[in-house]
> 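Attaching a single structure in structure tokens format; questions to follow.
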Amino acid sequence: MDTSLAYALDCDARDSLAHFRNEFCVPQHAGKDQVYLVGNSLGLQPKRAALRVEHEMRRWRELGVAGHFRGEPAWVHAHAEQREAMAELVGALPHEVTLMNTLTVNLHHLLISFYRPTPERYKIVIEKHAFPSDRYAVVSHLKMCGFDAEDGLVELEDEGELGHLSVATFEQFMATQGDQVALVLLPGIQYVSGAALDVDAMTSIAQRAGATVGQDHAHAVGNVPLDLHAGNCDFAVWCTYKYLNGGPGSIGGAFVHERHHHADLPRLQGWFGNALASRFEMAHDFDPEVGTDAWIMSNPSILSLVTVNASLSLFAEAGFAALRQKSVALTGYLAELIQAQLADQIQILTPLDPDKRGCQLSLRVKAGRAAGRHLFETLESQGIVGDWREPDVIRMAPTPLYNRFADAWHLVEAIRQAAP
Ligand SMILES: *Cc1c(COP(=O)(O)O)cnc(C)c1O
């Protein structure tokens with residue numbers, strides 16, 4: 001392969017999405033743009049986000065309470081304004097998707113509805129290296145329902161493969177113990193390894209065994225194509241501050257499959273889940289809104305909704321198919337550079353097959369944890385920003401909206417220069 005900087009610059013020059021980088025604020029290092037490869041943790045700020053926030057601040061200044069019902073959009077409709085764009089990104093019907101709360105809160109909220117154990121069927125299956133918040137959440141529901149977490153929580157992983165769970169491993173477990181499983185919680189993309197799980201296959205295996213399935217798409221949304229409706233999981237949650245660039249703590253997303261919309265499920269209710277038509281009648285009894293909106297409890301943060309909207313408008317302009325195409329090429333280029341020039345030093349933990357990953361590559365320094373940590377800090381001191389995940393993983397995520405092929409080249413060149 002051509003490992004020259006000239007080749008990387010040529011790829012950028014031919015990239016039809018390259019101009020989207022100008023829509024973002026890139027943090028600086030020593031007077032130059034950082035090589036920011038950590039959009040999997042916090043996406044960069046779209047320049048238009050500040051304009052949208054200022055617009056709402058002005059509406060609040062000028063309209064006061066009237067802003068709830070006046071202007072574009074009136075605040076009562078602000079979450080619904082995003083619905084179509086969000087539903088398209090996750091492959092859902094619009095009424096299956098809503099924006100509310102944040103990820104872990106939504107997970108708890110939907111577990112109230114969907115974790116319904118019996119004395120015989122009460123176990124919860126997650127993957128072994130699940131994001132800690134997901135584990136804490138399901139353990140708290142086991143405990144609240146009176147089960148022992150030691151017995152009730154099952155953590156699965158392919159043997160010796162950090163952050164990988166294959167259909168075969170999952171299927172084998174469900175074949176023998178599936179009749180005890182009440183709920184399975186799966187990530188679309190595993191956050192340590194960057195591997196995509198075959199969640200559709202696992203969902204249908206779990207449902208055939210009689211279990212309910214939730215999915216966590218924190219690392220998948222805005223990164224890989226999703227098809228939640230056809231994939232048929234019962235519910236899903238995601239955040240908007242990683243690949244969706246909504247800003248720190250921005251409002252979360254939730255999906256409830258439409259087949260549950262009229263089911264008699266237990267649910268924590270609040271006034272914002274009441275149908276808009278009767279919400280302000282302040283009626284005595286709850287009259288649920290259509291679809292997943294019935295799960296909304298409180299009126300959402302408008303400032304957070306508009307920063308998400310700013311970013312979603314960029315996704316719509318670029319087109320997700322084009323973004324994914326660039327992402328496959330960009331991360332593929334980074335993987336090839338590493339294999340061509342750093343194979344003796346660096347192991348790539350993420351599958352190389354583009355269908356089995358998103359944009360993130362998880363790297364392990366072969367010389368061990370101390371050498372890995374040292375390399376990570378050296379890169380950081382040069383303005384090349386990824387992140388570190390224990391025990392010894394460096395995550396680097398070139399995102400197609402604002403990263404360049406030259407960013408990948410600079411990362412690999414810096415690792416080469418840092419070699420002892
Ligand atoms: C980022 C992330 C979270 C964080 O959740 P918040 O409640 O939004 O802080 C939870 N789960 C997974 C899998 C994540 O990647």
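Counting convention: from 1, in listed order, for ligands and their atoms alike.
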> Would you mind running through ligand 1 and noting each atom that sits below 4.0 Å from a heavy atom of His219?
15 (O)
> Look at atom 11 (N) of ligand 1 and say which protein heavy atom is nearest, naming residue and atom and giving the distance to 0.1 Å.
Asp134 OD1, 2.7 Å
> May I ask you to check if ligand 1 and Thr102 share an N or O to N or O distance below 3.5 Å?
no
> Tell me yes or no: between the side chains of Ser166 and Thr169, is some donor less than 3.5 Å from an acceptor?
yes
> Does anything in residues 392-415 form a salt bridge (Lys or Arg N to Asp or Glu O under 4.0 Å)? List the pairs, not counting sequence neighbours.
Arg21-Asp407, Arg364-Asp392, Asp387-Arg395, Arg404-Asp407, Glu413-Arg416
> For ligand 1, note which part of Tyr191 has a heavy atom under 4.0 Å away: side chain, backbone, both or neither.
neither
> For the ring pair Trp295 and Phe255, is the centre-to-centre distance below 6.0 Å?
no
> Which pairs of donor and acceptor atoms, one on a side chain in residues 368-376, lie under 3.5 Å apart (sequence neighbours left out)?
unit_1 : atom_1 : unit_2 : atom_2 : d
Arg369 : NE     : Glu390 : OE1    : 3.2
Arg369 : NE     : Pro391 : O      : 3.1
Arg369 : NH2    : Glu390 : OE1    : 3.1
Arg369 : NH2    : Glu390 : OE2    : 2.9
Arg373 : NE     : Glu377 : OE2    : 2.9
Arg373 : NH2    : Glu377 : OE2    : 3.1

> What is the closest protein heavy atom to atom 7 (O) of ligand 1, and at what distance does it sit?
Thr104 OG1, 2.6 Å
> Is there a donor in the side chain of Gln45 and an acceptor in the side chain of Thr307, or the other way round, less than 3.5 Å apart?
no
> What residue and heavy atom of the protein are closest to atom 1 (C) of ligand 1, and at what distance?
Lys242 NZ, 1.4 Å
> Please report which non-hydrogen protein atom sits nearest to atom 13 (C) of ligand 1, along with the residue it belongs to and the distance in Å to one decimal place.
Asp216 OD2, 3.1 Å
> I need the nearest protein heavy-atom contact for atom 3 (C) of ligand 1: residue, atom name and distance, please.
Phe131 CE2, 3.5 Å
> Taking atom types as modelled, find out whether Thr292 and His261 have a side-chain donor-acceptor pair closer than 3.5 angstrom.
yes
> Report the relative orientation of the aromatic rings in His260 and Phe114; use parallel for angles under 30°, tilted for 30 to 60°, perpendicular for over 60°.
perpendicular
> Do Tyr241 and ligand 1 have an N or O pair less than 3.5 Å apart?
yes
